[in-house]
Amino acid sequence: YKTFEGDLKWDHNDVTYRILNYSPDLDSELTDDAFARAFKVWSDVTPLTFTRLYDGTADIMISFGKGDHGDPYPFDGKDGLLAHAYPPGKGIQGDAHFDDDENWTLGKGPVVKTRYGNAEGALCHFPFTFEGKSYSTCTTDGRADNLPWCSTTADFGRDKKYGFCPSELLYTIGGNADAAPCVFPFTFEGKEYDGCTTEGRNDGYRWCATTNNFDQDKKYGFCPSRDTAVSGGNSEGEPCHFPFTFLGQSYDACTNEGRGDGRLWCATTASYDDDKKWGFCRDKGYSLFLVAAHEFGHALGLDHSNIRQALMYPMYTYVEDFSLHRDDVAGIQYLYGRREGPVPTPPRPTTPFISKTTTTTPKTVDPNAKDICKVNKFDTITVIKKDLYFFSDGYYWKKSGRGNNGELKGPFRVSERWGALPTVIDAAFEDLLTGYLYFFSGSQFWVYTGQSYVGPRNIEKLGLPASVKVVQGALQRGKYKVLLFSGEEYWRMDVKTQKVDEKGYPRYTQNTFGGVPSQPNDAFQFNGHTYFYWDRFYWRLTSTKLVDRVGYVKYDLLPC
Amino acid sequence: WSLPLKSIHVTFPGDIIKNMTDMELAQSYLTRFGYMEKLQRSGFQSMVSTTNALKKMQQHLGLEETGQLDSATVEAMKQPRCGLPDVAN
């Protein structure tokens, strides 16, 4: 590894970042997530924390731009240069720029996140079949309103799960119109436009007015790239036009004719010969996560490594299961040291991809109907009979307690096993003394033994003050005591008397368990460790209450 | 008999990466990423500079240090990469 001359580094460990704009190629939530994961690559091995700012000046300002984008190092169109970042310091130092002439994906081809429809924001499933035809891109077939859509499972006919694909007819990005869709035709400088345009701008971004008269209303937004759009060339964002004419020949598909580099391209109008409008056809694209992780390495003070497998090697290579090379670890730890103990500020969450909805419950649970890997936040996680249980929206999954590779079963319907319980379970625990199962939802709780139960009863019966409206987590302490968490405090309950101890409680969670979030969603004991759970993350504590690991529930506790 | 295909190379408008010769590509790459500049300042002739710059680049990127513009080196120069220079100036 190599550092910059003078070992440039941040003089503080709580580094801030701000995302100034988004690429039209990738949904903003996927982009936020890719950047957050890229920062986590480094915070996993150093004492650095990364906090996202939404305004003002952050240490690391992140932006997408094309060609000459305002610094002395212009980008070069599609491929070639992908991004650059500046070593730590003030002003432009520390900033990371990504070339928006690239096709930004997660490295394996188009990633199309849907909106609306009935798939709760799931990604398109390519290919999918619709009325006997296979589709590898979004389509407007079957619709009269020209909105592109896709199926989010392999067979639309069977599953009927769908969502709408990025389209300027659905929403815009940035600008000043609060994501309103384009209005066509619109008037700009007296001329009428029937589609998105780059006219009036010198940065190559396509835009539209969100009212029918930009000259009058000045309302605009940038157009999201459709998955069928070209990248680079001189028509970024426009779809291929098939057939098109090139040197007198007609083409029905992308071609590499006319190019020495073998890359596939197409015209975006009926005749390349007449209009000279073209772009590169979509390929696997570049993983925003991998490129960002590399650039953030620069922003933290690492120069290029000459080890080919290292993240800081200057060339891009896609790797499916990324892990930081020991050379990168050695480099960053040379600058900032090793990470020991807790991370004081948890990574800021991005908006979950799936929002909670209460829908009609199907009679049998199709494993594909509720994918645990698409659940961003569980209602509660608890341990029952040494197995880890994940509850979400009326369903639960069970993971056997044998190490991290235990078998995962589910989803099961909560109502089939514990019929009296409501859809959302806030907390649950198993009383080790009696084997009774306690479930909490809002201000009520139930106690189950086998199929028999008592409840619902008000949590005030446990001696909790009326100000406590919900029990968010429960943690068994020894055989007779359970800690009940609510807000920033916790109470200790004696399971023999079913009452909380009055003396010495409540206590502040963070005073006892340093380094965990102040208001955890849950807490549980698993495989000899205490876990605190908040949003998508967990904090694992040793028996001496030291945080020895912070991670994603999905990736560490679940096989996602 | 089929006629041999006649490949035509077109200069596409807006295509920043033009149909360069390998030597043009090398000169541009070595300069852009900092391998050439230091050597040119020292007053060597261009060919010597290029050879040394190539060696330095090959060493930096873990390629065989031939000092020649061999196929592996040309291929490496065409790979997508980070825009930060490899050699600071």
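Within every chain, numbering begins at 1; the chains are lettered A, B, ... in the order of the sequence lines, protein sequences first and strands thereafter.
Within a 6.0 Å radius of OH in A:Tyr318, more than 12 heavy atoms belonging to other residues, nucleotides or ligands are found. Within a 6.0 Å sphere centred on OH of A:Tyr73, heavy atoms belonging to other residues, nucleotides or ligands number 12 at most. Environment of CG in A:Asp274: crowded, with over 12 heavy atoms of neighbouring residues, nucleotides or ligands closer than 6.0 Å. Heavy-atom neighbours of A:Arg326 CZ from other residues, nucleotides or ligands within 6.0 Å: at or below the threshold of 12. Atom NZ of A:Lys276 has more than 12 neighbouring heavy atoms from other residues, nucleotides or ligands inside a 6.0 Å radius. B:Glu64 CD: 12 or fewer foreign heavy atoms inside a 6.0 Å radius.
For a residue to count as touching a neighbouring chain, one of its non-hydrogen atoms must lie under 4.5 Å from one of that chain's; by this rule A:Tyr86 does not touch chain B. For a residue to count as touching a neighbouring chain, one of its non-hydrogen atoms must lie under 4.5 Å from one of that chain's; by this rule B:Leu25 does not touch chain A. For a residue to count as touching a neighbouring chain, one of its non-hydrogen atoms must lie under 4.5 Å from one of that chain's; by this rule A:Leu247 touches chain B with the side chain only. For chain B, the nearby part of A:Pro74 is the backbone; its heavy atoms alone come within less than 4.5 Å.
Taking each heavy atom of B:Pro85 and A:Asp303 in turn, the nearest pair found is O-OD1, 4.2 Å.
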| request: Start with the C-alpha gap between B:Arg81 and A:His294, add the side-chain angles, then the distance that decides, and say whether side chain to side chain contact (heavy atoms under 4.5 Å, CB included) holds. | output: CA-CA 10 Å; B:Arg81 58 161 290 158; A:His294 174 101; over 6 Å; no
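Atom CG of residue A:Leu81 and atom CZ of residue B:Arg32 lie 4.5 Å apart, to the nearest 0.5 angstrom. Distance check: B:Cys82 SG to A:Asp99 CG gives 11.5 Å after rounding to the nearest 0.5 Å.
With chain B as partner, the option from A:Lys277, A:His97, A:His84, A:His298 having the largest number of non-hydrogen pairs under 4.5 angstrom is A:His298. Between chain B and the options A:Thr317, A:Leu82, A:Val291, heavy-atom pairs under 4.5 Å are most frequent for A:Leu82.
The closest donor-acceptor contact from the side chain of A:Tyr313 to the backbone of B:Leu61 lies under 3.5 Å. Within the 3.5 Å criterion, the main-chain N or O of B:Asp86 finds a donor-acceptor partner in the side chain of A:Lys2.
Between A:Glu295 and B:Leu84, every side-chain heavy-atom pair lies at or beyond the 4.5 Å cut-off.
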